[in-house]
Amino acid sequence: MTLVLGLDVGGTSSRALITTLDGARVGFGRAGAGNPVSVPLADAVASVAEAVRAALSGLDPSAVRSAVMGIAGTGRFADPVVAAAFGQAFAGLGLTVPVRPVGDVLVAYAAGTAEPSGSVLISGTGAIAARIDAGEMTGTADGIGWLLGDLGSGFWLGREAAALTARELYTRVPQGRLTRSVATTVLGTIPAAPSRQAADDLIGALHAEPPRHLSRLAPLVTDAAAHGDPQALALVDRAAAHLTDCLAEVHTDGPVVLAGSVLTTSAPVRDALIGLLADRLPGTAVTVAGRGETGAARLAARVVT
């Protein structure tokens, strides 16, 4: 039996999936953070190896004829030290084929469709759209980071929600579900009266964290929108509009795959986006990406002869 290995390696967890060429699952493993951009190289290698070892349990490693590792920052593998560390770990597990690092954008697209050409729109902590032609990324829009872009991302939603709350605290006690939840999350309480001090406390607390941590407030927007909060619904509509514009910059034909934590877990944002896409790109098939390891395994299967 010919098998393939797909890995989804990130800064939080590493997942390994072994399938047959037609996608039937035969092995799975999960471990901790495996991206050497986020954690020390030795720890990253150990986590990825642990996930693969679990996936290979009871299987013959030599039956794996192709392997793809989806990971952000594939440029790190141009460093021979990084490449050698991972290569030695994989060889030690009995794999006889190289494990090919592939960018997470291509993996996200493959996790949503088997079509070789189309577009992928990702909104997680950041946001990016990419055109995929014959399995290769040929164009992108946004993805330029929180300081200059990432419009409609989790960071953007969190920042906008925080800004709304800060402005309210200067003049009134927050009344809406969104601003009250932001104040409670950041300050631990809802101030009894409006004051400059309350606003400054919230602003100071947020500035004390790395900017990207604002994305932790994005789920509050989702929750408030689901409960009909007008401010949250307005943010959802703006996020969907930004993401639609981003996708329109690169999309020409084929399916559209939606990926990233915002678009896979926030129904209000996803539904608003799909509604806009129906008007902007009528007749276009829109799918939601599955797990990254599934996309990686699908990419691995394509190159088996």
Considering only heavy atoms from C-beta outward, does the side chain of [X] approach that of [Y] to under 4.5 Å?
| X | Y | value |
| --- | --- | --- |
| Leu7 | Arg15 | no |
| Arg177 | Asp223 | yes |
| Ser47 | Asp43 | no |
| Leu169 | Pro174 | yes |
| Phe86 | Leu41 | yes |
| Val304 | Arg302 | no |
| Thr189 | Thr184 | no |
| Leu157 | Thr222 | no |

Whether [Y] and [X] form a salt bridge (side-chain N of Lys/Arg under 4.0 Å from carboxylate O of Asp/Glu) is what I want to check.
| X | Y | result |
| --- | --- | --- |
| Glu209 | Arg216 | yes |
| Asp253 | Arg131 | yes |
| Glu160 | Arg238 | yes |

From CA spacing to verdict: side chain to side chain contact (heavy atoms under 4.5 Å, CB included), Leu214, Trp156: CA-CA 8 Å; Leu214 281 168; Trp156 183 90; over 6 Å; no
Is the backbone of [Y] close enough, under 3.5 Å, to the side chain of [X] for a donor and an acceptor to pair up by distance?
| X | Y | result |
| --- | --- | --- |
| Asp8 | Ala16 | no |
| Thr12 | Ala33 | no |
| Ser57 | Ala54 | no |
| Tyr109 | Ser117 | yes |
| Thr20 | Ala24 | yes |
| Thr287 | Gly112 | yes |

Euclidean distance, [Y] [atom2] relative to [X] [atom1], rounded to 0.5 Å:
| X | Y | atom1 | atom2 | value |
| --- | --- | --- | --- | --- |
| His251 | Arg280 | NE2 | CZ | 11.5 Å |
| Leu202 | Tyr170 | CG | OH | 9.5 Å |
| Met69 | Asn35 | CE | CG | 9.0 Å |
| Thr19 | Asp22 | OG1 | CG | 7.5 Å |
| Ser119 | Asp133 | OG | CG | 8.0 Å |
| Leu235 | Leu178 | CG | CG | 6.5 Å |

Is [Y] reachable from [X] through a run of I, L, V, M, F, W or Y residues, each pair having side-chain heavy atoms under 4.5 Å apart?
| X | Y | value |
| --- | --- | --- |
| Leu243 | Val286 | yes |
| Val107 | Leu17 | no |
| Leu106 | Leu263 | no |
| Val68 | Leu59 | no |
| Leu277 | Leu151 | yes |

Heavy-atom closest contact ([X] atom, [Y] atom, distance):
| X | Y | result |
| --- | --- | --- |
| His242 | Gly152 | CB-N, 4.1 Å |
| Ala51 | Ser14 | CB-O, 3.7 Å |
| Asp142 | Asp150 | OD1-N, 2.7 Å |
| Ala272 | Val236 | CB-CG1, 3.9 Å |
| Ala232 | Ala224 | CB-CB, 3.5 Å |
| Thr74 | Pro101 | CG2-C, 4.1 Å |

Thr165 and Thr179: CA distance, side-chain angles, deciding distance, side chain to side chain donor-acceptor pair (under 3.5 Å) verdict: CA-CA 5 Å; Thr165 307; Thr179 52; 5.2 Å; no
Phe28 six-ring centre to Arg25 NZ/CZ under 6.0 Å and within 45° of normal: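 Because its charged atom sits under 6.0 Å from the ring centre and within 45° of the axis, Arg25 does stack over Phe28.
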Audit row: Val105, Thr140, side chain to side chain contact (heavy atoms under 4.5 Å, CB included) steps and yes/no: CA-CA 10 Å; Val105 172; Thr140 62; over 6 Å; no
Gln231-Gln175 side chain donor-acceptor pair, cut-off 3.5 Å: no
Pair Val52-Val99, side chain to side chain contact (heavy atoms under 4.5 Å, CB included): steps then yes or no: CA-CA 11 Å; Val52 174; Val99 179; over 6 Å; no
Stepwise side chain to side chain contact (heavy atoms under 4.5 Å, CB included) check, Leu164 with Val182: CA-CA 9 Å; Leu164 279 172; Val182 170; over 6 Å; no
Option passing side chain to side chain contact (heavy atoms under 4.5 Å, CB included) with Val4 (candidates Leu299, Val64, Leu21): Leu21
